[in-house]
Each structure stands twice: as C-alpha cells, then as structure tokens.
Number of protein chains: 2
Amino acid sequence: MERDITPPATTLPADAPRMSRPQIAAAAIKDWVVERGMRPGDRLPGEAELMAHFGMAKGTIREALRVLEAQGLIRTRTGPGGGAFVNEVSEARARALLGNYFYFQEIGVGDIYALRHALEPVLVAQLAGTLPEERIVLLEEVMTAYETPPETIEESERQRMAELDFHALLASFSPNPLLRFQCRFLIGLLKDITICRRIYRRRIPGFRAAGRDYQSRLIQALRAGDGGAARAIMRAHMTAAQKIMEEQESVVLRQFLSETDAR
Amino acid sequence: MERDITPPATTLPADAPRMSRPQIAAAAIKDWVVERGMRPGDRLPGEAELMAHFGMAKGTIREALRVLEAQGLIRTRTGPGGGAFVNEVSEARARALLGNYFYFQEIGVGDIYALRHALEPVLVAQLAGTLPEERIVLLEEVMTAYETPPETIEESERQRMAELDFHALLASFSPNPLLRFQCRFLIGLLKDITICRRIYRRRIPGFRAAGRDYQSRLIQALRAGDGGAARAIMRAHMTAAQKIMEEQESVVLRQFLSETDAR
DNA sequence: AGATATTTGTTCGTATGTATT
DNA sequence: TAATACATACGAACAAATATC
C-alpha cells in the first residue's frame, strides 16, 4: 500500500514568500525522498552528491540537512557508511514541536480539560475489552505510586504526576494514533504548565482517595469489556477533576497576584 | 504575568545522546531567549556576537539558527537592523510540523472522525450565543460555494473542500486555542489524505443537500444561543458523515486494490 | 534616485573527528 | 594498525539584501 498522506509541504504557503537557498534545498530533498517513497532507515545521498545534484555549496546543503533534522525527518551519522538517513518522527519530538506553538498561546487549565473531557471517555470506551491482561497490570502498577497518602509536598507532587502517568499510559494503548497523541500531549501540557505545578503542591482533601476509587472502577469496567461503564466513569472523573482544577486555578492565581502586588 | 509554560526543551531526552555543536548552540540560544522572557519581535544578537559568545565558527552558528528557524521560533532578515528575531510559531507551521509525525503513522478515516465526533459538538456548544453577527455571515458566505449541485467531478471536489472550510472557519472562532488547533488540524488532515481525495471525487446522493440542511439548522441554533441544540445537530452530522466516509473508504479501497491487482 | 553602511547569505579550501574495514 | 569514507568544523572571502542618508 502506498503512503496515506500527501507530501506534507516543507514549503509553507504565505509564511515564506521568499525562501533562502537552504530552505529551497530542504524542500527539494524532502520532495526527493517522498517521490522515491523512501522509508525510515533509508540512506540519503552523501553531502558531495547533494552538492553536485543541487549545485549548492557544502555549507548550504548542511544547513538544509539541519533543517530536516530539526523537524525530526532525518538523522545523521559520521564515518564510513554514514550520512543522512530517513527518520520516523518520534512522539516526543512531535510533542516538543507542537509545544512550541502553544508556548505563545494563552491556555488555561479549563482549555486543557475541555479536551480531556471530550476525548478520554471516548478513549476508554474504545479500549474496554480489548486490553490484554499484562497491560492492565501495568496500569495497576502505576497506581501503587499513590497507594498511601503523601507525607510531604514533594510526595504529593510526585503522586499527582503518577496519576497523570496513569492516563498517559492508558492513552498509549489506543489503536488510534491521533487519539493517542492528542491525549498524551494534553497530559504533557499539564505536567509543564507552571500553574498546574503550583496546584499539584496543594493539599486537596479526599482527592487522592476519590481518584483511586474511580481508577479501580475504571479498570474493573475495562476488564469486563463494558465500554459504556468505562466511558461514564471517565466522564464523571473528568468533570470532577476539571471542577477542582479550575477552582484551584483561581485560588492559586489570586494567591500569586497578591504576592506580586505586595512586592 | 509570567509565561504559562515552562521552557519547551529543545534538548530531547533519550532522543539525542550526543548532541552536535549546532544543536548545542540552538539549545543554548533558545534557553537564553526564554530566560530573558523575550517576546515575538525581539531581536537576537547578530551572527558575529553569537560567534564570539559561543566561540564557534560562522557556519556552526548559522546551522543553529536554521534549526530554530525550522521550528518556527525565529525568523531572520538581512540588511541594517536585520538579524534573527523571536517569532511566534504560526498555526500553519505547527500543523505542518505535526503532520510530519502522522505521515509515518497508519491513520484511517475512522480515526479522524472519532476525534471530530468527540470535539466538534463541544466546539459548537461553546460557541452558541457568543458569535457576533459578522462571523455568522462569514459562515453563510462559505456555504454559498455549494448552493447548487456540482456539474463536474472537479466541482464536486471543490464543494467538499468548501464544506471542510466551513468547519475550519467555525473552529477558528473558538476561544480555546487547543480546541481550535485540534479541529483545524483534523480538517487539514482530511484535505491531505489521498483516500479522502478519492472519496471526494465520488458522487454520494443526497449528501450535499443533507449537509446544507444541517448547517442551516446549526447556524440557526448558534444565532439563538442554544448550545444544546447546536451540540446535538453537530453530533448527528458527525455520526452520519463518519458512517458515509467509512463506507466510501472501503469501497474506494476495494476499487484501488482491484486496480493494482490487475496491473 | 543613488551611494553607502550594515547585516545576513553563500561559497571555497582546509583541517579534524569518527566509525568501518 | 592503517587506510578509507564520511560528516563536522573552521576561517576567509565575496555576494545579496535592505535600511538610511
């Protein structure tokens, strides 16, 4: 079967009215690779060949290769048999690249939870009854990280991170690459956002116990293959979590503002 | 208020065990920018200064700048007062970069619609009653593109693209950056995927009329501020569209396979 | 309009590092 | 160990773009 997606343009439409030579070279090399239907691991021509083929100097070609490398599309190795190789973009790199975009956007906790609330119930509904036992065991192992109440603030933060890991692991089991990536990206965002970090350091009575309770019931539903129940459990959990996070967001925000005002 | 998100790491964890000098420089420059809280439009030191600061040759520094440029984080201009400037990553670039990741994933029409089905009803529910009249008019203008039945296959394809534009425009009105981006990304994917292109060339009786009908009712609900109705309408439409697309996918796929078998 | 200064863009030649054989 | 093949890095020179006077 041929490729699913048409060559994703390196050349951005209105973004780049006049491209520099390295950009032209990067686009040309990319097209060249796509045309040939090259797959991850395949070797590109060496620098010398590329120089000859495109009529550009070494420096220009090297800059072009760096562009492709930054996008995660190739990797390079030195030495004999070395060179540039087609590379499958890793999930981690895709997350980092997309994170750069949202770095400049104003996103609140509510924005993230709006998507989690819409997506994660669908995720677990699809997953119910399809997970092999060893994967469910993996989930249960993550849960042991917050079996007992946290002693310190650091412990509390660690437990909250582990709770996010539970959801990330769950998402990684989805056969839908889009759903998988999107859920994991949102969770990654929660881990990175400073205001969430502050929230995770706060003590919220009953939160941990409630979290464990719903996760146990979720796993039970997943084992039983009851998609409807799994969806309902996740939906309820997301509603509750969203409410708490938004409350805490305003508390922390007020706290933060009064701190800075005092200064 | 300080930045929302912690410095997105250029340095990828396990991805890059030994970094090259340009990568080191790129990461250092990025950190330098983040530390200073520089905003889009701010100017970075010139190549000469960077060379001196990092003790690297011009070519190396330039490769580092290309890396940042490829990620959409800076843009450069020549001439006096020129140089590298912090750049807000554009939505188009973010879409292209993320598209590279999914280029290597096996995604089907069903995967995309699973997410659209989960997200777009939420989108319109949030939008209901908040859209100024001029934006609703914009939506209606897009709808004129498929007022009349298509005469040719090209016309049919154009109309289907316009119908996707309707949804993309709708999504662009969301105040939630994540929801906005995600919906628009999914729609962009539908436009790019070859199998969808094939489907869009096919004649599906009643599809256009049904689409227009639901869109009219949707706009009515949006004007009335009836979020529940808007959500229900969108949900029904997504269910129907998903069903049709998946049916057509299997038809087109069979067709394609028999064609290639014959060869 | 044109000259000039500033800054990035591109090239070439050479030397070094690194992994394979 | 040595030879080889490749990327990596440096430095100097020149070209092109663009703002300012």
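The chains referred to below are lettered A, B, ... by the order of the sequence lines, with proteins before strands, and numbering in each begins at 1.
- Listed nucleotides: C:dT7, D:dT8, C:dA19. Nearest to the side chain of B:Thr78: C:dT7.
- One atom, CD of B:Glu69, and another, C1' of C:dT8, lie 11 Å apart when rounded to the nearest Å.
- Residue B:Met56 contributes atom CE, which lies 19 Å from atom P of C:dT16 at whole-angstrom precision.
- A salt bridge (Lys or Arg N to Asp or Glu O under 4.0 Å) with A:Glu47 holds for exactly one of A:Lys58, A:Arg62, A:Arg66; it is A:Arg62.
- Close to C:dT11, at under 4.0 Å from its OP1 or OP2, lies a side-chain N or O of A:Arg21.
- Closest approach to the A:Arg43 side chain among C:dT10, D:dC6, D:dC10 is made by D:dC6 (side chain taken as heavy atoms from C-beta onward).
- Side-chain atoms of A:Lys58 and base atoms of C:dT14 include a donor and an acceptor less than 3.5 Å apart.
- Taking the ring axis of A:Phe185 as reference, the NZ or CZ atom of A:Arg95 does not stay both within 45° of it and closer than 6.0 Å to the ring centre.
- Side-chain N/O atoms of A:Arg116 and A:His167 include a donor and acceptor closer than 3.5 Å.
- In this structure, B:Gly59 reaches neither bases nor backbone, as no heavy-atom distance under 4.0 Å exists between it and the strands shown.
- Between B:Glu47 atom CD and D:dC10 atom P there is a gap of 14 Å when expressed in whole angstrom units.
- Nucleotide C:dT8 holds its C1' atom 12 Å from the CG atom of B:Leu50, rounded to whole Å.
- Remark: B:Ser20 is not in phosphate contact with D:dA7, judged by side-chain N or O atoms under 4.0 Å from OP1 or OP2.
- Map B:Thr76 and A:Met51 each onto its nearest nucleotide of DNA chain C; the residue landing nearer the 5' end is B:Thr76.
- Computed from coordinates, the A:Arg77 CZ to C:dG17 C1' distance equals 16 Å when rounded to whole Å.
- Rounded to an integer number of Å, the gap from CZ of A:Arg62 to P of D:dC6 is 15 Å.
- Out of D:dA5, C:dT8, D:dT8, the shortest distance to the side chain of A:Pro80 is found at D:dA5.
- Regarding A:Arg66, its CZ atom lies at a distance of 11 Å from the P atom of D:dA7, rounded to whole Å.
- A donor-acceptor contact shorter than 3.5 Å links the side chain of B:Asn87 to the backbone of B:Gly72.
- A:Phe181 and B:Phe102 have perpendicular rings, their planes meeting at more than 60° on a 0 to 90° scale where under 30° would count as parallel.
- Contact annotation for B:Arg75: no contact, since no heavy-atom pair falls under 4.0 Å across all strands.
- In this structure, the nucleotide among D:dG11, D:dT8, C:dC12 sitting nearest to the side chain of B:Ala57 is D:dG11.
- Rounded to a whole Å, the CD atom of B:Gln23 is 14 Å from the C1' atom of D:dA9.
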